[in-house]
Amino acid sequence: MYTMTNLPEQAWDIKVDVNEKLFLRDPEHTEVGKKILEKGVKMIDKLGLEDFTFKKLATAIRTNESSIYRYFENKHRLLLYLFQWYWRWMEYQLVFSLQNVTDPLRKIDIIIDLLVQPENIAKSDSRGLDKKALHRVVIKEASKAYLTHHVYEDNQKKFFKPYKDFCGQVANVILEYHPKYKFARSLSSTIVEMSHYQYYFMKHLPSLTDFGESKDEKGIRKFLEALILSCKATI
C-alpha cells in the first residue's frame with residue numbers, strides 16, 4: 001500500500017510499498033538503489049525494455065553491474081517493480097481525487113483525466129521517480145510485465161495486485177453509475193488498457209485511431225467517456 005506524511009511546503013510525501021518478493025534488497029533504502037530506480041525509469045523510457053540492460057544502467061549510475069543484481073534478479077523484475085509502484089501511485093491519486101465526490105459522472109471525469117493526462121500524475125510530488133517517464137514506460141512496456149509464460153506464478157505471488165486494485169476501484173465507480181451493469185470489471189480493465197493503446201497508437205500508429213492527425217489527448221478522453229457512458233444502454 002502507500003503511507004502519507006505531512007511535510008512543510010509539501011502537501012503529501014508518498015511512500016509506496018512494493019511486494020518484497022520483487023527485489024533482493026529494497027532499493028528505497030540505499031542511495032544506489034534509488035539511483036537504480038530513478039535512472040532505470042528514464043533509460044527504459046528512452047531505450048525500450050529490449051535495448052535496456054543492467055550493464056548500461058551500471059555505466060549510467062557509475063557502479064558495477066553486479067551491484068544492480070544485488071537488488072534485482074533481472075530487468076523483468078525491475079519492470080514489475082516499476083509496474084507495481086506505478087499502480088499503487090495511481091491508486092493513491094484516484095482515492096485522493098475522489099474524496100468528497102459523490103456524483104458518479106464527476107468520478108468518471110476524474111478517472112479519465114487521470115488516465116489520459118500525464119501531467120496530473122506528476123502534480124502532487126516532483127521528487128523521486130520521474131512520473132511522466134514512468135507513465136510512458138507503462139504505456140509502452142507494461143504489457144510485457146504480464147504477457148509471459150510465468151504469468152500464473154507471478155499472479156500467485158500477487159505481483160499484479162496493485163493493477164487489479166486500481167481496476168477494481170474503477171469498476172466500483174462504473175457500478176455507481178449503472179448498478180445493474182454486468183460487466184463492470186471487464187469495462188474497467190478495457191478502459192485502462194484502451195487509454196494506453198490509443199495514446200500509443202496516436203503517437204506511433206496513427207491509422208489505428210481517430211486521433212492520429214490531431215495528436216490530442218482530448219480526443220482519447222472523449223472516446224473513453226463515450227465508451228463508459230454507453231454502458232447505460234446495457235442491462
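With a 4.5 Å cut-off on side-chain heavy atoms, Asn19 and Phe159 count as touching. Counting heavy atoms from C-beta on, the side chains of Val173 and Ile110 never come closer than 4.5 Å. The shortest side-chain heavy-atom distance between Ile111 and Leu115 falls under the 4.5 Å cut-off. The shortest distance between side-chain heavy atoms of Pro206 and Lys215 falls below 4.5 Å. Considering only heavy atoms from C-beta on, Phe211 stays 4.5 Å or farther from Asp216 through its side chain. Contact check for Phe52 versus Glu141: no side-chain heavy atoms found under the 4.5 Å cut-off. Side chains of Lys132 and Arg136 form a contact here, defined as non-hydrogen atoms less than 4.5 Å apart. In this structure, Phe223 and Asp210 have side chains that are not in contact, with every pair of non-hydrogen atoms separated by 4.5 Å or more.
No more than 12 heavy atoms of other residues, nucleotides or ligands lie within 6.0 Å of NZ in Lys222, so this atom counts as exposed by the packing criterion. Surrounding CD of Glu20 are at most 12 heavy atoms belonging to other residues, nucleotides or ligands under 6.0 Å away. Atom NZ of Lys56 has more than 12 neighbouring heavy atoms from other residues, nucleotides or ligands inside a 6.0 Å radius. Atom NZ of Lys140 sits in a crowded spot, with more than 12 heavy atoms from other residues, nucleotides or ligands closer than 6.0 Å. Counting non-hydrogen atoms of neighbouring residues, nucleotides and ligands closer than 6.0 angstrom, the NZ atom of Lys75 exceeds 12 such neighbours. Within 6.0 Å of NZ on Lys218 lie no more than 12 heavy atoms contributed by other residues, nucleotides or ligands.
Shown here for Arg77 and Leu22, the closest heavy-atom pair between the two residues is CB-O, 3.7 Å. Of all heavy-atom pairs between Leu57 and Gly40, the closest is CD1-N, 3.8 Å. Between Leu129 and Leu134, the closest heavy-atom pair is CD1-CD2, 4.3 Å. A pairwise comparison of heavy atoms in Glu28 and Lys34 identifies O-CE, 3.1 Å as the closest pair. Taking each heavy atom of His178 and Cys231 in turn, the nearest pair found is CD2-O, 2.9 Å. Taking both residues in full, the closest heavy atoms of Ser195 and Val116 are given as CB-CG1, 4.3 Å, listed atom of the first, atom of the second, then distance.
A single hydrophobic cluster is seen to contain both Leu147 and Ile139, as judged by linkage of ILVMFWY side chains at heavy-atom distances under 4.5 Å, directly or through other members. One hydrophobic cluster, built from ILVMFWY side chains closer than 4.5 Å, cannot hold both Leu24 and Val32; they sit in different ones. Residue Leu175 is not grouped with residue Leu227 when hydrophobic side chains (ILVMFWY) are merged at heavy-atom distances under 4.5 angstrom, including chains of intermediate members. Linking ILVMFWY side-chain heavy atoms closer than 4.5 Å, directly or via other members, places Leu187 and Leu105 in a single hydrophobic cluster.
No hydrogens or angles considered: a donor-acceptor pair under 3.5 Å links the side chains of Asn155 and Lys164. For the residue pair Ser188 / Arg185, no side-chain donor-acceptor distance below 3.5 Å is found, with atom types taken as modelled.
You'll find the ring centres of Trp89 and Tyr92 inside the 6.0 Å limit.
Note on ring orientation: taking the six-membered ring where Trp is involved, the planes of Tyr163 and Trp87 are tilted (angle from 30° to 60°). Taking the six-membered ring for Trp and thresholds of 30 and 60 degrees, Tyr86 and His135 have ring planes inclined between 30 and 60 degrees apart.
Considering CG of Asn74 and NE2 of His76, their distance stands at 7.5 Å, rounded to 0.5 Å. Between the CG atom in Leu80 and the OG1 atom in Thr148 there is a gap of 8.0 Å [rounded to 0.5 Å]. The distance from the CG atom of Leu78 to the CD1 atom of Ile68 is 9.0 Å, given to the nearest 0.5 Å. Between Ile228 atom CD1 and Met194 atom CE the span is 11.0 Å, to the nearest 0.5 Å. For the atom pair Lys21 NZ and Gln84 CD, the distance stands at 11.0 Å (nearest 0.5 Å). Note that the CG atom of Leu47 and the OG1 atom of Thr53 stand 8.0 Å from one another [nearest 0.5 Å].
Glu225 and Arg221 are joined by a salt bridge, as a carboxylate oxygen and a charged side-chain nitrogen come within less than 4.0 angstrom of each other. A salt bridge links Glu50 with Lys144: the distance from a Lys NZ or Arg NE/NH1/NH2 to an Asp or Glu carboxylate oxygen falls below 4.0 Å.
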**OP:** Go through the steps for Leu37 and Tyr81 under the test side chain to side chain contact (heavy atoms under 4.5 Å, CB included), then give the verdict.
**Re:** CA-CA 9 Å; Leu37 297 178; Tyr81 183 103; 3.6 Å; yes
Original post:
Does the pair Gln198 and Phe201 meet the rule for a side chain to side chain contact (heavy atoms under 4.5 Å, CB included), with working shown?
Top reply: CA-CA 5 Å; Gln198 289 298 310; Phe201 293 159; 4.0 Å; yes
Original post:
Would Thr30 and Arg70 satisfy side chain to side chain contact (heavy atoms under 4.5 Å, CB included), going step by step from the backbone distance to the final call?
Top reply: CA-CA 12 Å; Thr30 69; Arg70 293 191 184 103; over 6 Å; no
**OP:** For Leu229 and Tyr177, run side chain to side chain contact (heavy atoms under 4.5 Å, CB included): C-alpha distance rounded to whole Å, both residues' side-chain angles, the deciding distance at 0.1 Å, then the answer.
**Re:** CA-CA 8 Å; Leu229 298 186; Tyr177 172 66; 3.6 Å; yes
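Under the side-chain hydrogen bond (donor to acceptor under 3.5 Å, both in side chains) criterion, Asp26 pairs with His29, not counting sequence neighbours. For the ring pair (Phe, Tyr, Trp, His ring centres under 6.0 Å) test, residues two or more places apart in sequence or in another chain that qualify with His204 are Tyr200. Listed by chain and residue number, Phe83, Ser143, Val151, Phe160, Glu193 satisfy the side chain to side chain contact (heavy atoms under 4.5 Å, CB included) test with Tyr146 (two or more places apart in sequence, or in another chain).
Checked by atom type and distance alone, the side chain of Ser189 pairs as donor or acceptor with a backbone atom of Ser186 at under 3.5 Å.
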